[in-house]
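Comments concern the structure below.
What you see is a predicted model, and the numbers here were worked out from it, not measured in a lab. Keep in mind that the numbers below use all heavy atoms, side chains included, and drop hydrogens, waters and symmetry copies. Sequence positions, counted from 1, serve as the residue numbers for this chain.
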Amino acid sequence: MIEVLKEGLLLVPSGNVFDHCGVLNPAVIIADGYTHVFYRAVGTTNHSTIGYCKLLGASDIVERHERPLLFPQFDYECQGMEDPRIVKIDDLYYLTYTAYDGVNASGALAVSTDLVHFEKKGQITPEFTYDEFILLAETKDKINSKYLRYNDTRDTVNVFGKKLFIWDKNVIFFPRRVNGKLVFLHRIRPDIQIVSIERLEDLTVEFWQHYFLHLDDHIVLAPKYDHEVSYLGGGCPPIATVQGWLMIYHGVHDTVNGYVYSACAAMLDLDEPQKEISRLPYPLFVPQSDWEMTGVVNNVCFPTGAIVIADRLFIYYGAADDKIAFASVSLSGLIQELMLYITK
């Protein structure tokens with residue numbers, strides 16, 4: 001087994017109202033000699049915004065804003081902006097996040113050229129009811145029954161009159177075009193799906209209808225091992241290596257003490273990232289420390305950001321849904337370990 005070093009806590013809630021109740025699930029990227037951290041901040045009203053801090057290296061905090069960098073402005077995100085991820089493609093930074101309106105959760109996008117000013121592009125995942133989704137997805141054969149378990153609300157509207165859609169979260173772009181196309185991961189539980197498009201404008205209702213008609217072709221990872229048996233979700237943006245795209249994701253196991261969220265690792269094909277090359281048969285790391293096992297949500301290690309310094313991969317994660325921690329592992333060692341488990 002590969003050795004992972006738990007480096008400890010990076011950020012905890014501050015005395016500021018906007019992140020007083022929790023800091024978690026950060027997007028992380030290196031630019032201009034600094035490590036930039038965009039984190040989910042939970043305020044006293046239980047609404048989430050995006051906070052910001054700047055690091056020198058992996059952990060030395062040189063700046064932390066006292067106010068949110070990004071905050072809800074539109075109906076689709078009126079109850080919160082959650083769990084950001086960030087990459088740079090060509091000359092543009094893509095920051096994705098989960099937009100929550102109090103009922104529905106969807107993938108949304110904001111872009112920037114300077115990591116200071118962001119332009120919101122709105123929701124990029126579809127608004128389909130479960131019935132609309134399943135009508136298309138099961139035209140060829142029945143799909144995993146867990147799609148029913150996690151997505152079927154039975155009702156089409158909630159008590160406030162809002163229409164209920166399947167939750168589509170964990171939108172994560174690959175940090176470069178693949179065969180000239182924009183590629184991103186997303187997650188309708190229990191699997192991780194993948195999308196490839198020429199441009200954002202391609203994400204029309206018609207596109208998603210055709211996509212769901214061929215859903216089985218777009219599932220990149222499905223639960224396989226005990227530690228991820230309940231469902232999977234995207235984690236950090238994929239990292240390009242000679243052997244393939246290194247993917248750090250989260251796996252969830254339902255236990256007698258509730259769900260346990262672990263950090264996991266897999267490798268995808270560089271030119272055809274919908275193909276899995278290998279996957280660790282054990283979690284990369286699991287909740288073990290008090291600050292991972294006890295919090296707003298117990299037993300959570302939720303990886304969302306990663307950087308590479310020399311041969312060290314630093315993984316940043318939400319710990320028990322109210323703190324930010326980080327761990328590190330040898331990048332070459334992790335790749336070597338993954339190559340022991342090549343998918344047959």
Step by step, work out the side-chain contact (heavy atoms from CB on, under 4.5 Å) result for L115 and I86.
CA-CA 10 Å; L115 295 179; I86 193 166; 3.6 Å; yes
Around atom [atom1] of [X], are there more than 12 heavy atoms of other residues, nucleotides or ligands at under 6.0 Å?
X: E138; atom1: CD; result: yes
X: R149; atom1: CZ; result: yes
X: Y211; atom1: OH; result: yes
X: D75; atom1: CG; result: no
X: N46; atom1: CG; result: no
X: D32; atom1: CG; result: no
X: D290; atom1: CG; result: no
X: D226; atom1: CG; result: no

Linking I/L/V/M/F/W/Y whenever their side-chain heavy atoms sit closer than 4.5 Å, directly or via other members, would [X] and [Y] fall into one cluster?
X: M1; Y: I315; result: yes
X: Y282; Y: L284; result: yes
X: I61; Y: V28; result: yes
X: L70; Y: L109; result: no

Donor-acceptor side-chain pairing of [X] and [Y] below 3.5 angstrom:
X: Y147; Y: D191; result: yes
X: S332; Y: D311; result: yes
X: E63; Y: H65; result: yes
X: T304; Y: R85; result: no
X: T129; Y: D131; result: no
X: N257; Y: T255; result: no
X: Q73; Y: E77; result: no

Between F285 and Y317 (judged by ring centroids, cut-off 6.0 Å), do the two rings come close enough to count as a pair?
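Yes - the distance between ring centres of F285 and Y317 falls below the 6.0 Å cut-off.
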H214-H210 aromatic ring centre distance below 6.0 Å
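Centroid distance H214-H210: below 6.0 Å, so yes.
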What pairs with Y52 under side-chain hydrogen bond (donor to acceptor under 3.5 Å, both in side chains), at least two apart in sequence or on another chain?
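Residues passing side-chain hydrogen bond (donor to acceptor under 3.5 Å, both in side chains) with Y52: H36.
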Taking it one step at a time, do V171 and Y94 satisfy side-chain contact (heavy atoms from CB on, under 4.5 Å)?
CA-CA 11 Å; V171 172; Y94 288 65; over 6 Å; no
Where the side chain of [X] meets the backbone of [Y], is there a donor-acceptor pair that is under 3.5 Å apart?
X: S14; Y: N16; answer: yes
X: D19; Y: G22; answer: no
X: E292; Y: Q288; answer: yes
X: D168; Y: H186; answer: no

Contact summary for Y316 and A58, nearest pair of heavy atoms
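Here Y316 and A58 meet closest at OH-O, 2.6 Å.
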Over all atoms of both residues, closest heavy-atom pair of V4 and A327:
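Of all heavy-atom pairs spanning V4 and A327, the closest is CG1-CB, 3.9 Å.
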For the residue pair [X] and [Y], categorise the inter-ring angle as parallel (less than 30°), tilted (30 to 60°) or perpendicular (more than 60°).
X: Y231; Y: Y259; answer: perpendicular
X: F212; Y: F128; answer: perpendicular
X: W245; Y: F174; answer: perpendicular

Walk me through it: do T49 and M81 pass the test side-chain contact (heavy atoms from CB on, under 4.5 Å)?
CA-CA 5 Å; T49 57; M81 299 175 64; 5.9 Å; no
Could you walk me through whether F118 and L95 pass the side-chain contact (heavy atoms from CB on, under 4.5 Å) test, one step at a time?
CA-CA 9 Å; F118 284 84; L95 186 144; 3.9 Å; yes
Taking NZ, NE, NH1 and NH2 as the nitrogens, is one of them in E228 or R279 under 4.0 Å from a carboxylate oxygen of the other?
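A salt bridge links E228 with R279.
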